[in-house]
Structure formats: C-alpha cells, structure tokens
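Everything quoted here is computed from the prediction, not taken from an experiment. Hydrogens, waters and symmetry mates are skipped; everything else that's a heavy atom, side chains included, is used. Chain identifiers are assigned alphabetically (A, B, ...) following the order of the sequence lines, protein sequences preceding nucleic acid strands; residue numbering begins at 1 within each chain.
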Amino acid sequence: MKLRPVRPEVDFPALEARVLEHWDSTDAFQKSVEQRPEEDRFVFYDGPPFATGLPHYGHFVASVLKDIVPRYWAMKGKRVERRWGWDCHGLPVENETQKELGLASKADIDELGIERFNEACRGIVLRYTGEWRQSIRRLGRWVDHDRGYKTMDADFMESVWWVFSRLWEDGRIYEGYRVQPVSPALGTPLSNFEVAQGPQERDPVTKKDGHKRRQDPSLTVRFKLEDEDASLWAWTTTPWTLPSNLALAVNPTVEYVRFKVSETGEVAYAEPSRLADYQARGRVGETEELGRLPGAELVGRRYRPLLPYFEQYAEGEGDARRAFFVVSADYVETSSGTGIVHQAPAFGEDDFQTGKENGLPLVNPLSLTGHFGPDVPDFEGQFAKDADKGIIAHLRAAGSVVDQDTYVHPYPHCYRTGTPLLYMALSTWFMEVEPMRDELVSNNQKTHWVPEAVGTGRFGNWLASARDWNLSRNRFWGTPLPIWRCDEDPSDMVCVSSREQLEELCGLEKGAVTDLHRDRIDHLTFPSTKTAGGTMRRVPEVFDCWFESGSMPYAEHHYPFENRELVEQNLPADFIAEGLDQTRGWFYTLTVLSTALFGRPAFKNVIVNGIVLAEDGEKMSKSKRNFPDPSIVLEKLGADALRIYLASSPVVNAKSLRFAEDGVREQVRSVLLPLWNAYSFLTRYADVDGWEPDGTAPSTEVNELDAWVLSRLQTLLADVEDRMARYELFRVVPALLEFIDDLTNWYIRRSRRRFWRGASDAHAEDKGNAYRTLYHVLLTLSKVLAPFVPFITEEIHGNLSDGGRESVHLEDYPVADSSLQDAGLERRMGLARIAVSLGRGLRAKHDVRIRQPLPSMTVVMADAEDRASLERMAEIVRDELNVKELRVSSEEADFVSYSARPNLKVLGPRYGKNLGAIRQEIEGLSGEQLGAVVAGGSVQSTAVEGLEYDAGTLLVDRASREGTVVDTLDGVTVALDVTLDDGLRLEGLARELVNRIQGLRKEQELDLDDRIEVQVGCDGMLAEALRTHWALIADEVLATGAAPDASSSPIGGKDFDVDGMSASIEIARV
RNA sequence: GGGCCUGUAGCUCAGCUGGUUAGAGCGUUCGCCUGAUAAGCGAGAGGUCAGUGGUUCGAGUCCACUCAGGCCCA
C-alpha cells in the first residue's frame, strides 16, 4: 500500500470537518462501543446539564474530559457506553417559562393552570438541544444522544419514585420545618441560588458587595419580668415578628448589667457595652448600675408576653412553661442591639434552632404572601412590613417601647420583583443524612479524587458535617413527591413506588398512567385503608432536581423495573467528571443516594475541573464580551487544539484557567504542526522513494537512532499508561510534547540524510530501517494521541494504517514493550545531546558557524563509563557539530576549575549548628583537594571532628578555567579547536555555496527530487572550493553534470556575498 | 459568618516528605541555522516566591496572622 504524500500546509478545521463526516458515515462511535465485550465494562456516568442555555467553555472542559477518558479505556479494550443526559426539571426552567409567559408569581401560575404551565416548560426545556448536539459533535466528543436520558421521562421519574420509596421504607424520610426565604410578592419560597441573584450593592463603609441595602425600623422593646419589677431590653429590626415572640435569648457567657434608669426609675437588664452605646447615642439617659451577672443566670427567667396573640403557649405541662422565658444561645453577639435577642422561631434560622432546642412551639401567623391571618386579629389582612407602623404604635401605647430609630443594613430582596424577602419556617420533606455521616465518609475514602485534595478536604469535610437534605420544593415542573396523605388524618400516608402501584390504588387499568407530572397525577385519589371515610391525596411538593440527577445511575436505566442486573453491575461508576461547583451538587447527591440505597460509593474515580475564566481573570460574561465565541475558536483553530489546550491546563486539576485564544493557537504550533510535519515528511519522502510499508517491524540493530527513538516511544507509552491510570490528564500532555520534540527535533533532524541517500548503495538497509522506524513511530503515536486529538490522529492513521481498522479509535491502545527500552542508550544519547548543545554554544562564542568544519572538539568527563558512552556516539556528535574529530578526555583539570558547596541534605541533619564553620572550611579547600574528591578520594576536616569531605558530602561545581574557551554543564565539559587550515576553509566555502544554491531551490519552489543544472561565476578560493568539492555540492543540491566553469558568470545569475567574496549563481531544473 | 482553594519572571504554570545558585514554555533582545516544519539552535535581560511574624543550622515549601482573588455553604 502506497502512502499518500501530504503537504506540510494543512487546514485543521477543514480536516476535522472531513473526519466528522467519516465518523458519521461509518458509525465509528457505535462500533467502538460494540466491538468490546459486554462483560468487560468501563462505567461512565454523564452528569446532565440544563438545556435552557447554550454550552460554554465550562461545559467544553467537562466534555473534553468525558471524551478523552472513555476513548482511552475503549481503546484499552473496555466497553464504554456513553449516554447523554438532560436535566429537565427545576427552577431555571420554571423561571424561563415564567418570563416568557409573563407570569410574575405562583398565583399567576395557579391561575393559568399547572397543565398549561408544565406544557410550556416541556416546550422550552429542549430548546437548545440542537445547538448542544452540534457543539459537542464539533468538539469531537463521542456520546450517544439518541439513547440519552431525560429527567422528565416517565421511566426516569418512575425510578426516582422507586429511589424515594426505598428511603421511605427505610425510615429515612421525615416531614419537618425549615426557615426559608420567601418572596411575598411571588408568594413562594426561593432557593439560595435565587436569593443570590437578587439585587446587589456595594457597602459604602466596608466596600464589600452584598445584598441591596434597606432602611428598617430599629426598635428597642422592654419585656417585663414576672419575678421582679424589672424588664429585659431587646432590639429588633422586624417589628412584624414581635407578635410571634416566644422567647428572649442571652449569651450564657456574656456578662449583663442590672441598672436603674435615673429619669424614670425603671430597672432593666442589658449587656453593659450595648447600654453604653445607647447612652453614647443619647437614646438613654443617666443610669445607675445595680449589679452584674453572667447571661447564664438570666436563663430560665419568665417574662410577660409582649402581645397577647399567642399567650396560650405560656402554659406548659405542670409547672413548666412552653414559652416566654429566657433561653441560652451562643450566637448572641454584643456588636449590636442590647445583647438580649427577641426570638420568633418561625422567622429566623437561629431562632428556629434555638426554639427547637428549647421546645418552643412554632407559630407563624403569616401567609406565604406575608399577610397576617386570623391569629393576629388586630392586624389581620395587613402585609407584615406594612404592619410595622401599627405594631409600633400599639406597643408605644402600652409603654413597651424603649427607643425607636431607623437602621440601614444589607437585606436580601427578591430577584424578580425587587421586594424585600421574608424568612419563615415552612413545612418540607427531609431525608435523614446526619446519621449516615460516618458511612458517607468511609465510602468517600474508596473514591480516587483528582485532585486528591478536593476529596479529602472540600468534599470530605462537607460529608463529615452533612445536614439532613431538604428534598422537596413548592413548585410545579418537577417529579412530584409520591406521597399520598389522608385528608382526615395527616399521619396516614402512603408512599407510592411505581406507576403500576398507583394504578392499582386508584382502580385504574394497567397502563393508564403514562406521565407522572403534577398535571397528570395530582387529581388521582384513593380511599384510605386506615381512616374510615378518608381520601388519600398527593402532597403538593415536587423533588429538588438534585434528587433526580442523583438518582441518575438507576433512573437512566429505568431501574429496578428494567435492567436490574446491568445497573447493579454498574455500581459504582468507574469514572465521572464534573466541575468544582458540583461538590455540593451532583457529587454529593450521587454519594448520598448510593450510600443509602446500596451502601457503596457512587463512583471510583472522579476528575474535578476548575472554572474557566476570561482572559482578564474575571468571570466570562456575555455582556462584557470578554471571551471569544467558542464556535469561532473551533472554526479558526480546530477542536484538537482546543481539546489539548484545555486538557493540559490547570483546569483539569480543579484550578481556574484564564482562557486565552493565543494559548489554543500555541497548541497548534507546538503539538499539531510538528506532528503533522513529521507525518508529511514521511509521506513525501516515501512517495519520492517509492517506499511502502511492508509489515516488517523496525530493527534496533541497524542504527542507534532507531533504537533510541523506539526506546523513547516505550518510555512514553509507559508514562501515559501510568498517568492515565491515575487520571492525571494534566501530566500526560507534557510527556506527549516532550516525545514529539524528541521525534522531530532530534530523531528526524538527525535522520534526514538517511532518507535522502540513494537506496542502491550500502545504505539501503539503513534507509529502509529509517522508513520503517519513522512509520512505526507515527502509526503508534497516532494511536497514543487518539483519545486526546481524535481528528488529526484519525487522518494520519487513515493514511498510514495498512490493513488496519477503519478508524484509529477502533484500534487497541499501544502497550509499552519493555524489551525495546534501553536506558543505557537513552543515557548515551542524552550525553551526546548535552555535548552537542555545549558545542553549539561554543561555536557561537567563537563566532564560527556550523557550516565551517572544525578540526576537533574535546569532551571532558570524569566518569569513565560516560566517556565510553559518548565515544559510541561520536559520529552523531561530529556530524551535528560539523567537526572532524571528537576527543574524549578525563583530564578535567586542564579545562575547568573546581569549587565546592556543602551537600546540605547530608550534612545538615548531622552537623546542624556547625554548618557555619563547615561552609567556611569548604570555601577554603584547594583545587588539588577538590580534584582528589572528584577522583573518588576524601579530605579530612580540621574544623569538625570525624567529618570527611568526599563525593557524598561535597557538591563540586566546575567552571571554565580562565583563558580557555570551554563550557560545562552537568559534569560535561567541552572545548573546541577552532584553528583552520586551507582544507577546512575550502570545505566551509563549499558548504556556503550549497547553502546559497539551496536558497535558490527554495526560492524557485522546486520539488524535493527535482534535479538541477548549476552555473556559478566566482574566483579565488571560492572557485577552488567549487572545483575541489563539486562532488559534495552536487550531491547535496541534486545537481547534474560536471563542475561548472567558474570563470564565466551566468547571465541571469543571482549575486551573493560569501565570506567577503562574490559569487553569481544560477540554477535550472533539468 | 463558616469550609476549601489560589497568589512564584511581562503571560501561563512547575517546584515531591523543608536542603544548596527557584525552573519550564510563551513573549522579549541579540546572534545562528534551515534539503520537512508556521519550526529549530545559542546567548541574554527579566523574581524582595502577596505581606508580616514565628519554628529551624536552613523556609517558595511548615505554623500563625493579614491582604487580594475564586468556589461552595450559611
């Protein structure tokens, strides 16, 4: 099979478009999955994104990871199913729908009807799937969209019900209360996410961003103690919560003062520094201190209800009291107020907790729209904030107001209506997580995290202090909670676990329930079996959509209704990859549900990616336009470049990345083009030579360069395997880069001539082996790189593979062959490259260019083995540096001077404080003494007893001896003999002529194998060089015929200056 | 307010359990080379390792605090 010759110029995006079509037309992805055995799976879970927005770089990062890793394992022989998933439910969708339908509040939705609302949600939820599909395809990600799952599918939802019913049976579900932010204008609780979206403002004092600021009343109220003619002063900015006051909180460890107000004679309690603050602001007059006591001594004291609405709760069982006493709370601070805090358990998180701890009742006279109900008849029908005025007036009249002022503070506002939010305790459904903490933590320890610190730190800590999970939402578009409750007895409940069960309960025929959304099932009722005459009705809540995505491992396969075995075998997943922001999201919900249901971790390996920022270090923002459109980057530079840019960036190690288009371009230059050019080199010369792959493996015996690059290739394979096994993608790409550099800038560079030489002569075997080696390396490399840059490798593989599979992605991943690894050879080549590098530096110092042959170079090394090694590399070094002879010497002292430093790693722990003296002594060691150490001897220390300076305790540095032109690096010292005789000079001039003629060839865009006729007009030494070295020149520039007559200048010749002599040269293709 | 992460050259980042003169790539300056390459080679400039204090013979690395940025939670 002949290789198609390939030009070095390449249009990667166009190439990628062709490859995409090839994949589509050959069903490459399907084949790559199906050709692997079903028993040997690599399980991948795909975290579902919302389709309500377009994909951005963050999704691309995750997608690149989700493609590279599965492709790799597929090539390693695993069956890797990749099913796409869509997160369809939840608030983002509802918000979008509300916006489009112009529905401001929950009431509006109720009015419209859930059915129509949900229909609208269903209509927009898949709006951008087409764009997603196209972007993901363009990125080269292989994933099955057609068999993908959607969290709104009835099968998926039914599995979610099953998951929930298992938790219900296990007694992990309970109904409770939770203080939540409520938008009274919308009449609905908001998620924290929505709260954070509310209006923001910078605080003028602290300069920190926060909630929009608001002016509220600042009211200080007196609560009359029952056992003493004295009062407790408490402060609030929410007078509307005072009707619901049930306790006062003090900090038990803070000291309080009992004092008398001089003007009125009132006796009261407050925290002393707070009292002083009131006085400083002139709100309270003179006082007389009567005594001090710790807060703990106030705890338990009873006071009279400030307002009468809930005074029935004063009475507890027996002598006890249910409410209206002082409680202890650590959170009470003394930076504001009076140090005594009014408690309304329904209206604050802290209050709620304190209430729970002290057995306080939970009273909430407000509706979701923030209006007082009949419990507070004086203000019934009034909006809470509007009632402030009336309440204050009422209290003032009753003589309960100590002070009234205003207070400006940051306060959360509704993100949609801009009105201030109210916090209130609402009934919700919880899953018990706290008792599972230990198990969660131990399951997490079975998971391999990349980077490790996320698992042990961030995620581990979160699990260790996990709280019960509030998994219900008072919304419409979601999977409904499958709880049916009796309208007569609220404790009579049934948890439904399947469609079939619901049909049976409701007396419907089998298959009647096809959709589980609220609009399809809320009306379904059935009679209670426990409560006579009771009717079972579904509770109104839907699931937190995280519960649904966390159920994905089961629900995507409609477990346990179908695929029982498959799902149970698929647990835990081998691999998932998501962003750092999923710590409390998907990572968490997967772990909690898997632990609760199966007692297993949900995933074995996880790569956590960081956040992609714009080039300016800020968040990418559509309005700021601070980042380039992903699709334009893909069209300009290609997906391979973008993939490798992302995969080698810190973002795959959970760090943030400043996205720079130039960074992507850099990948084209440093990875793709060199690879392409190596490939182009092979195909073009193979074409010229008529070489074809013959199925013969390259030999390591013919030429050390071949053995070397094959050895390097095995090292690369081993490194990649190791790093992929650890999921450390960010460490793979640098290894690839290093190899590509070795291949192009050393192997091919050093081997070029092997490809040019005529095949008929003694070099035939060497030439054939060079082809075979380069071919083998490139073909192997196309497989190694395939998961990372799937397009360019497909193209290369398609041309090179002979009898191979129709896609590189169907190949088996190459495995390192340790018999081809030769550490000694790699070491030798390393030494040669150091020597060459030093030699090049010396040429520059001497100002002698490479084209000028030099008589000799001397390399000095102390180590005998190294010297022998380098001698074996003499030809390569001579050729690369254009020197006639390579001398290897051990006589370092002739060229370098020694200096020494203490080897602190050895001496530090042993001689700690003596280091000063040691350092001084070492500085004073003579060249002879150091020479002795270098030679393997030792020198007795006089400063420190028992210390010997030798190769272990000293680090000897070499420097060029003054007056010599040498250079030294890593123990290799190089000196160059630059004396020239006429012979060398002539040869140098001949090479100059070659250089000029090659320039003309290039200028005239001749093909690699075009033969030329050369005419040169010149005189003196140049003419002599032309005559003497014509054979060499002709061979180099593919000239035909005898040496030109230098005395006649060509008519159309181009004039050159060669070392101060002039030459006129003309070439013509023959 | 709490948890976690980040701060090293103009830019992007390495720097393992503390150890010697803090590295790489890109960019930049000068020079070289080019018979695959948009490349390559050589030399140079560029750093108070965010700051302060501490532990230690020795701190970019460990500890404490501060500052700045980020993610998540409240």
What nucleic acid atoms does [X] come within less than 4.0 Å of, heavy atoms only: base, sugar-phosphate, or nothing?
X      : result
A:L682 : nothing
A:P650 : sugar-phosphate
A:V668 : nothing
A:L737 : nothing
A:N882 : nothing
A:A678 : base
A:G841 : sugar-phosphate

Are any side-chain N or O atoms of A:R665 and backbone N or O atoms of A:L637, one a donor and one an acceptor, separated by less than 3.5 Å?
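Absent.
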Tell me if a side-chain donor or acceptor on A:N609 pairs with a main-chain N or O of A:A654 at a distance below 3.5 Å.
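Looks like no, no N/O pair under 3.5 Å.
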Is the A:F459-A:W462 ring centre distance short of 6.0 angstrom?
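Judged by ring-centre distance (under 6.0 Å), A:F459 and A:W462 do not meet the cut-off.
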[X], nearest nucleotide to its side chain (from [options]):
X      : options                : answer
A:N461 : B:rG42, B:rU37, B:rG3  : B:rG3
A:L657 : B:rA38, B:rC73, B:rC13 : B:rC13
A:E666 : B:rC71, B:rG25, B:rA36 : B:rG25
A:R901 : B:rA36, B:rC4, B:rU20  : B:rU20
A:R684 : B:rA36, B:rC26, B:rG3  : B:rA36
A:E349 : B:rG3, B:rA74, B:rA36  : B:rA74
A:N745 : B:rC26, B:rG40, B:rC33 : B:rG40
A:R849 : B:rC33, B:rC73, B:rG25 : B:rC33

Contact between A:V433 and A:R467 at the side-chain level, heavy atoms closer than 4.5 Å - yes or no?
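Sidechains of A:R467 and A:V433: no contact.
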Would you call A:Y685 and A:Y771 a side-chain contact if the rule is heavy atoms closer than 4.5 Å?
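Yes - at least one pair of side-chain heavy atoms lies under 4.5 Å apart.
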Starting at CG of A:N470, measure out to OH of A:Y177 and round the result to the nearest 0.5 Å.
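Going from CG on A:N470 over to OH on A:Y177, the span is 13.5 Å.
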Rounded interatomic separation in angstrom, taking [atom1] from [X] and [atom2] from [N]:
X      : N      : atom1 : atom2 : value
A:R752 : B:rU37 : CZ    : P     : 9 Å
A:D847 : B:rC33 : CG    : C1'   : 14 Å
A:E9   : B:rA39 : CD    : C1'   : 13 Å

Hey, is the side chain of [X] poking within less than 4.0 Å of OP1 or OP2 on [N], counting only N and O atoms?
X      : N      : answer
A:R749 : B:rG40 : no
A:R669 : B:rA39 : yes
A:R851 : B:rC33 : yes
A:K655 : B:rC4  : no
A:T744 : B:rA36 : no

Hey, where does RNA chain B pair up into stems, meaning at least three consecutive Watson-Crick or G-U pairs with distances under 3.5 Å?
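Output for stems: B:1-7 with B:67-73, B:10-13 with B:23-26, B:28-32 with B:40-44, B:50-54 with B:62-66.
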Pairwise 5' ranking along RNA chain B for A:L838 and A:N995, keeping only the more 5' one:
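That would be A:N995.
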Should we count CD of A:E1013 as having more than 12 external heavy atoms under 6.0 Å?
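Open: at most 12 neighbouring heavy atoms sit under 6.0 Å from CD of A:E1013.
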